[in-house]
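A note on names: the letters A, B, ... follow the listed sequences, proteins ahead of strands, and every chain is numbered from 1.
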Amino acid sequence: MRRQYPFHLIEPQWQNRWDAQETFRAFNPGEPPAAEHPFAGRHGEAAPESLEKYYILDMFPYPSGAGLHVGHPEGYTATDILARFERMRGKHVLHPMGWDAFGLPAEQYAIKTGQHPRQTTEENVANFKRQIKSLGFSYDWTREANTTEPGYFKWSQWIFLQLYNSWFNPATNKAESIDTLKYPNDVASDEAKRAYRDEHRLTYVSHAPVNWCPELGTVLANEEVIDGKSEVGGHPVVRKPMRQWMLRITAFAQRLLDDLDTIDWSDSLKEMQRNWIGRSEGAEVTFTVQDSGEEIVVFTTRPDTLFGATYMVLSPEHELVDALTTEAQREAVAAYREAAARKSDLERTELAKDKTGVFTGAYAINPVNDEPVPIWIADYVLSSYGTGAIMAVPAHDERDLEFAQKFELPVRVVVEAPEGESLGFTGNGTSVESGFLTGLPTPEAKAKITDWLQENGKGKRTINFKLRDWLFSRQRYWGEPFPIVWRDGRHEAIAESELPLLPPELDDYKPTAEGDPPLARAAGWVNLPDGVLRETNTMPQWAGSCWYYLRYLDAQNDERFVGEAAEKYWMNVDLYVGGTEHAVLHLLYARFWHKVLFDLGHVSTPEPFQRLVNQGIILGEDGQKMSKSRGNVINPDVVIGEYGADAFRLYEMFMGPLEMMKPWSTQGVEGVYRFLGRVWRLFIDDSSYKDYEQAVTVAPDSAEAGLAELKLHPSISDAEPTDEQLKALHACIKKVTEDLEGMRFNTAISALMVFSNEASKWDTRPRAVLGTFLNLLNPFAPHLAEDLAARLDTAHGGTLAYQPWPVHDDAYLVEDTIEFPVQVNGKLRGHIVIAPDTPREEIEQLALECEKVQQFISGKEIKKVIVVPNKLVNIAAK
RNA sequence: GCGCGAGUGGCGGAAUUGGUAGACGCGCCGGAUUUAGGUUCCGGUCUCGCAAGGGGUGGAGGUUCGAGUCCUCUCUCGCGUACCA
């Protein structure tokens, strides 16, 4: 196939030039650009920090061995276009890239081959960087960050120490230094104080059952377990008690929820976070166990149904189960608990259809009417939510009803539905058979019973969150070691001066035979003098990605995780683009860390990402999700080799709206590729290009040098633009500008196509008009635009990167006459040709006289004539 | 089940506040250039109809001079979530 234009030469040429010039470098406060840098060419002596900043961020990739797929460059192209656009509009743009390079695949490869994960990672990063660079993105590579480099993870560890040395003060609703923690009177001894401190830190050690994945040899966070299987690899996950580090994210639940209102994210994304945080208002109610005096606290969102509570259920793991089980039931209860404990999460969810449970033999007293109710255990009650115990109101809860029916427990209707069946009704109705609540509508009944409980010491108003604390330790090698040591069985932070704490070198990356993490193999590293031991867990991959957007601001700083002036100037992130797969994990964790850093005074904003946009998934040509097994994966290298980076970029944006899911089409790539060819031929004399191609066939070595010999199209001149030409240009400026502001890349490209289709018909092509067009094209297809601008000599300072963005003038867009549509009863019947400022009466007159319209209104009564200025005229006739 | 999003030509998709449905691109049809294929250039392309005209934005109603756009009901698909009391 004939090459539309020599992109294979032009593209590397410009990429090298941008690199050599550091064209896209952003400048931190107090760091003025060199006089010969095009930034200075545009902004003169102005201090960089005096300019309006624009921080535009991509979700950095995990550099996998498979290399880039076409989904990565979708978001990257969108942000690059906007970065170039805003740079031309005069903003000081920060557009960085880096590597989320800790992770399991490199470690698994190490286990298989013995090759150090560092080496695998370096190779993959190099490949990713080559691929990303081949797309001509305007990243400031001087700020490249890599989570696996000691200079980076030193600060990940440092942030962990900030968490370790802080607590959440409910009075101020903020994270504070642990030193501000006040001890209650009964906490007097050093020992007790220490324990009290450790209980309040934002990081703490837990021995609770965790999600253990035997296949991966590590625990996983709740968020990493999908349907009882690991999110990575889909391996079974079982529950197993282990010592783990936790982060107290639940303390921030309310703020994480509230502050969603202050940021500009899509509703669906905010909703996902809200659902994950899962706030629900209700009450805790205390039931007393008959004969034993033990108290069981339950959480309910429907305290108004307390009169309908006919039994209670504890989760099998509930701490009181042993104490209250009667002799007669002991065996059955033990068997049930054992079975429940053995079940994986997967089994527990899969078997959810059929409710199971066992009676403990004990009864509790319903505080509102002193009736005894049987206490059961069942695994449909989760130990991890609320208090791990419920009052069952089968008449008004689907799950309780199902359970009650199966085990023939009493059902008592206490809420009357406004209409229809009251049994099983879970909405708002009217209380019945409910003592002092009877007759009250649900909201009032809730308030009244809650007050009653509170007054009688039988309960209180409570808010519950689904959000759990973040399980932060992993039994892996390739992650950040914890800056923690154990002395006499108690944890201590290591000194900041000892950071970064490097992982030990190992020959074998597998967990030990005893099931300890791989770091435990390095005896010399683990064992310190005086019997002090290093923590052998490592941090999860999220640690590095929780704060990388801050490191970019000052990537080389080895005094601080980010310099104060740089942080103040650049934050927040103005636009963050990435996939929905990070809707709850990364985005929630990062917001949490950011809030802690904010509370402690290390950053200046409460939220990190002001605006966030999700790109849609790109499907294969068959409309299916791309996957190796389907064989429908598109390799960017191949597409770039065949059509060039500009065509690739353009196509990814032309496919459709950024946020939509859309299928790949190689024919579609050819379409935009042809467009770039037409642009090329708009500027270049095609016969000179044909001669060039011939010459290159004979002497391939002359390819690069021969480019300089290409002639401009003979129609190009310094002629004054005609009105028609200016109109086409200014219409294009207007449309492209507005579409870029609204991130409508596909329609912006369509406007560029419309212009080029128009311009190719012109006999004279004024240099000024075509030059301005190249400015518009530059963000989308920067290599081609730069090359043609250089030939046209319209790029001052040797690059289009800092050319002023064109501004349209409405004066060029006015029409002398317009074809004005005429409708009859809302149906288009004809057109009248009028001047733009024709008065209403005259338009009416002309419309009624219009020949084509006549046949539809003759003999009818004209009821109304509606003239919509600049739109149309509609005649209502009957 | 619940939450969110989307349904427009053969395909990807356009269509400020309700105002000429189908921009732009693909594909297809025809023509020009070419020995030919490819490339390029020009024209056509929602649908029924010879035409006048009719129909048409998942479906059914409604509001309006006028609805892809607003309202009610409904169907389908995608994503998220799921015994959260």
Side-chain angles (χ1 to χ4, degrees), chain A residues 1-4 226-227 266-272 274-276 278-280 282 298-302 305 313 348-349 351-353 355 378-382 384-393 396-400 402-403 426 464-468 580-581 583-584 614 616-617 623 650-651 654-657 659-672 674-675 677-678 681 686 690 735 738 742 744 746-754 757 760 819-831 855 863-866 868-878:
Chain A
M1 192 171 48
R2 189 195 174 201
R3 214 175 253 123
Q4 293 270 351
I226 315 280
D227 290 338
S266 73
D267 288 341
S268 68
L269 198 79
K270 287 187 183 180
E271 204 52 35
M272 277 192 226
R274 285 193 192 105
N275 288 340
W276 196 266
R279 183 186 201 269
S280 61
V298 302
F299 173 72
T300 176
T301 55
R302 293 298 300 270
T305 61
V313 187
R348 254 167 109 147
T349 24
L351 300 175
K353 297 149 213 155
K355 296 243 178 315
D379 65 2
Y380 84 91
V381 173
L382 308 176
S384 56
Y385 183 77
T387 60
I390 61 158
M391 61 177 214
V393 185
H396 306 290
D397 182 286
E398 276 178 47
R399 299 151 300 184
D400 296 345
E402 197 189 322
F403 191 83
T426 57
N464 236 298
F465 293 94
K466 272 200 277 186
L467 185 68
R468 303 268 67 88
T580 344
E581 65 271 22
V584 281
N614 287 123
I617 296 172
L650 214 54
Y651 176 65
F654 189 62
M655 292 169 87
E659 297 172 76
M660 298 280 102
M661 177 187 288
K662 45 215 175 276
W664 184 268
S665 157
T666 299
Q667 285 181 332
V669 186
E670 280 171 19
V672 295
R674 284 204 283 264
F675 160 66
R678 285 198 295 278
R681 289 187 292 278
D686 204 37
K690 280 183 178 137
K735 180 79 177 146
E738 288 173 357
R744 294 181 294 269
N746 53 334
T747 51
I749 292 166
S750 143
L752 294 169
M753 289 173 167
V754 169
N757 289 344
S760 65
E819 274 220 328
F820 207 68
V822 182
Q823 294 184 336
V824 178
N825 293 330
K827 285 191 177 153
L828 183 68
R829 295 304 183 186
H831 288 92
Q855 60 170 310
K863 302 194 73 172
K864 207 185 205 179
V865 180
I866 296 116
V868 187
N870 299 317
K871 289 288 183 196
L872 49 64
V873 51
N874 188 15
I875 301 164
K878 200 176 179 182

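Checking G656(A) against L269(A), the closest nucleotide of RNA chain B that is more toward the 5' end is the one next to L269(A). Nucleotides of RNA chain B nearest to M660(A) and D686(A) differ in position, and the one nearer the 5' end is that of M660(A).
Distance CH2 (W276(A)) to P (A82(B)): 5 Å, rounded to an integer number of Å. Protein atom NZ of K662(A) is 14 Å distant from nucleotide atom C1' of G5(B), rounded to whole Å. Taking atom CE on M661(A) and atom P on C77(B), their separation rounds to 15 Å, with Å as the unit.
Within the 4.0 angstrom heavy-atom criterion, no nucleotide atom of any strand lies near R274(A). Residue contacts shown for S760(A) are absent, as no nucleic acid heavy atom lies under 4.0 Å away. Note on K466(A): a base of the nucleic acid sits closer than 4.0 angstrom, heavy atoms only. No engagement by D267(A) is indicated, since no non-hydrogen atom pair under 4.0 Å with the nucleic acid exists. Heavy atoms of T300(A) sit under 4.0 angstrom from primed sugar atoms or phosphate atoms, though from no base atom.
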Could you go through nucleotides 7-9 of chain B and list every protein N or O atom that sits under 3.5 Å from one of its N or O atoms, giving the distance for each pair?
none

Please produce a list of atom pairs where a protein N or O lies less than 3.5 Å from an N or O of nucleotides 48-54 of chain B.
from	atom 1	to	atom 2	distance (Å)
G53(B)	OP1	Q855(A)	NE2	3.2
G54(B)	OP1	R829(A)	NH2	3.3
G54(B)	OP2	R829(A)	NH1	2.9

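Atom CD of E398(A) has 12 or fewer heavy atoms from other residues, nucleotides or ligands within 6.0 Å.
Scanning for salt bridge (Lys or Arg N to Asp or Glu O under 4.0 Å) contacts around R681(A) gives an empty result, with sequence neighbours left out. Remark: F403(A) engages Y311(A), W376(A), Y380(A), F407(A) in a ring-ring contact (aromatic ring centres under 6.0 Å, His included) (not counting sequence neighbours).
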_Under 4.0 Å protein heavy-atom contact, by nucleotide of nucleotides 18-23 of chain B - B base, S sugar-phosphate only_ = -BB--B
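OP1 or OP2 of A85(B) lies within a sub-4.0 Å distance of a side-chain N or O belonging to S280(A).
Rounded to the nearest Å, the gap between the C1' atom of G68(B) and that of A23(B) is 15 Å. U47(B) and G66(B) have their C1' atoms separated by 23 Å, with the value rounded to a whole Å.
With its glycosidic angle within 90° of 0, G9(B) is assigned syn.
A heavy-atom distance below 4.0 Å to RNA chain B is reached by these residues of residues 385-392 of chain A, ordered by number: Y385(A), I390(A).
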